[in-house]
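Keep in mind it's a predicted model, so treat the numbers as computed, not measured. As the structure lists them, so they are numbered: ligands from 1, and atoms in each ligand from 1.
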Amino acid sequence: MRLFSKKEKIDMERLPNSIAFIIDGNGRWAKKRGMPRMLGHSAGITAVKKTIDNAEKLGIKEIIFYCFSTENWNRPKPEVDGLFKLFRDFVNNEANQYLDRDFKFKLLGDKSKIPNDIVQKVDEIEEKTKDCKKMKVALCINYGGRLDIINAVNTILKDNKKSITEKEFATYLYSNEFADPDLIVRTSGEQRISNFMLYQMAYSELYFTNTNWPDFDYKELEKAIINYQHRNRRFGAIKE
Ligand code: IPE
Ligand code: IPE
Ligand code: MG
């Protein structure tokens with residue numbers, strides 16, 4: 001990886017429009033400190049809130065967090081329950097203020113397996129914030145890239161469509177009110193996608209850092225964006 005000068009700052013004219021985060025490493029963060037995994041998850045939620053504040057200050061328009069995959073149900077029940085308790089708190093406290101902050105909030109994923117009270121509150125906030133303009137914020141919960149595609153295909157079949165364009169297909173995805181991510185950040189050193197936005201990431205720039213998610217702060221966000229700004233996005237064409 002290229003090293004950039006420590007003094008280099010973000011070029012505010014060339015910010016990514018949309019950043020998505022695969023927030024990994026909460027468990028390892030806690031283990032390193034001799035703490036239970038759940039404390040890693042609550043530190044992870046704090047890092048999500050801080051990253052939203054930092055993105056707002058920078059003027060990022062869309063931000064997406066992959067919080068719970070369709071495969072994460074395979075974790076022990078107490079961990080799953082603990083995670084949903086954190087999501088419940090996030091929705092009731094953090095997201096509940098988004099109308100005042102002019103943030104449009106969405107939960108991306110299959111809501112049918114998510115506890116009812118959370119879904120009700122999410123539906124209410126999604127409706128309330130649907131015309132907000134400052135920033136779009138999404139949490140992917142019970143989200144899988146394959147599920148997203150299959151869910152779209154099933155809806156298309158129900159609509160009796162015989163053929164469909166790429167643009168139209170995207171309107172059936174959970175992320176239909178979001179742009180494709182310009183930058184996808186994965187923390188904790190793993191270099192894989194783990195069933196995140198498979199369709200939407202066709203031309204996303206990927207950035208991997210060894211930092212565990214709870215340690216992801218403004219400096220880390222700045223590093224990721226500066227790294228992104230050194231990429232030459234060609235989209236299959238030829239560019240100098
Ligand atoms: C990410 O942290 C949060 C979720 C996937 C819910 P992990 O819980 O995966 O943390 P590690 O990978 O075990 O360190
Ligand atoms: C990816 O993290 C999913 C989320 C961040 C929600 P995992 O910890 O579940 O991914 P794997 O199992 O290491 O691929
Ligand atoms: Mg993990």
D148 backbone acceptor or donor facing Y199 side chain under 3.5 Å: no

Is G25 in contact with ligand 1, taking contact as a heavy-atom separation below 4.0 Å? yes

Taking distance alone, with N or O pairs closer than 3.5 Å, would you say W29 contacts ligand 1? no

Test salt bridge (charged side-chain N to carboxylate O under 4.0 Å, His left out) on K85 and D89 and set out the steps. CA-CA 6 Å; K85 188 178 176 307; D89 290 347; 3.7 Å; yes

Which atoms of ligand 2 sit under 4.0 Å from any heavy atom of R192? 11 (P), 13 (O), 14 (O)

If the cut-off is 4.0 Å to any non-hydrogen atom of H41, which atoms of ligand 1 fall inside it? 3 (C), 8 (O)

Does ligand 1 come near enough to G27 that some N or O of the ligand is less than 3.5 Å from an N or O of the residue? yes

Specify the protein heavy atom at minimum distance from atom 1 (C) of ligand 1: its residue, its atom name, and the distance to 0.1 Å. I23 O, 2.9 Å

Suppose we measure from atom 3 (C) of ligand 2 to each protein heavy atom; which comes out shortest, and what is that distance? Y66 CE2, 3.7 Å

Would you tell me which option among G44, S69, S194 has the nearest heavy-atom contact to atom 14 (O) of ligand 2? S194

Would you say V80 ends up clustered with L139 if hydrophobic residues are merged whenever their side chains have heavy atoms under 4.5 Å apart, either directly or through other cluster members? yes

Do the side chain of W213 and the main chain of T187 share a donor and acceptor less than 3.5 angstrom apart? no

How far is atom 2 (O) of ligand 1 from its nearest protein heavy atom, and which residue and atom name does that atom have? N26 N, 3.2 Å

Ignoring hydrogens and angles, tell me if any N or O in the side chain of K61 forms a donor-acceptor pair with the backbone of K134 under 3.5 Å. yes

Please indicate whether any nitrogen or oxygen in E190 is less than 3.5 Å from any nitrogen or oxygen in ligand 2. no

Worked verdict on K106 versus E177 for salt bridge (charged side-chain N to carboxylate O under 4.0 Å, His left out): CA-CA 9 Å; K106 286 292 273 188; E177 294 176 66; 3.2 Å; yes

In D24, what N, O or S atom is nearest to the Mg ion (ligand 3), if we give its atom name? OD1

Nearest-contact summary for atom 6 (C) of ligand 1 - protein heavy atom, Å: C67 O, 3.2 Å

Please confirm whether the backbone N or O of F208 pairs with a side-chain atom of Q191, one donor and one acceptor, at under 3.5 Å? no

Heavy atoms only, cut-off 4.0 Å: how does F68 contact ligand 2, side chain, backbone, both, or neither? backbone

S204 and side chain to side chain contact (heavy atoms under 4.5 Å, CB included): which partner among S18, P181, P16? P181

Can you name the atoms of ligand 2, numbered from 1 with element, that are less than 4.0 Å from a heavy atom of R186? 1 (C), 2 (O), 10 (O), 11 (P), 13 (O), 14 (O)

Does any N or O of ligand 2 fall below 3.5 Å from an N or O anywhere on N72, backbone included? yes

Same cluster or not: are F105 and I114 linked, directly or through other Ile, Leu, Val, Met, Phe, Trp or Tyr residues, by side-chain heavy atoms under 4.5 angstrom apart? yes

Are the ring centres of F90 and F87 closer than 6.0 Å? no

Contact atoms of ligand 1, heavy-atom distance to D24 under 4.0 Å: 1 (C), 2 (O), 7 (P), 9 (O), 10 (O), 11 (P), 12 (O)

Should one rank K32, R28, E71, R75 by closest heavy-atom distance to atom 5 (C) of ligand 1, which comes out on top? R75

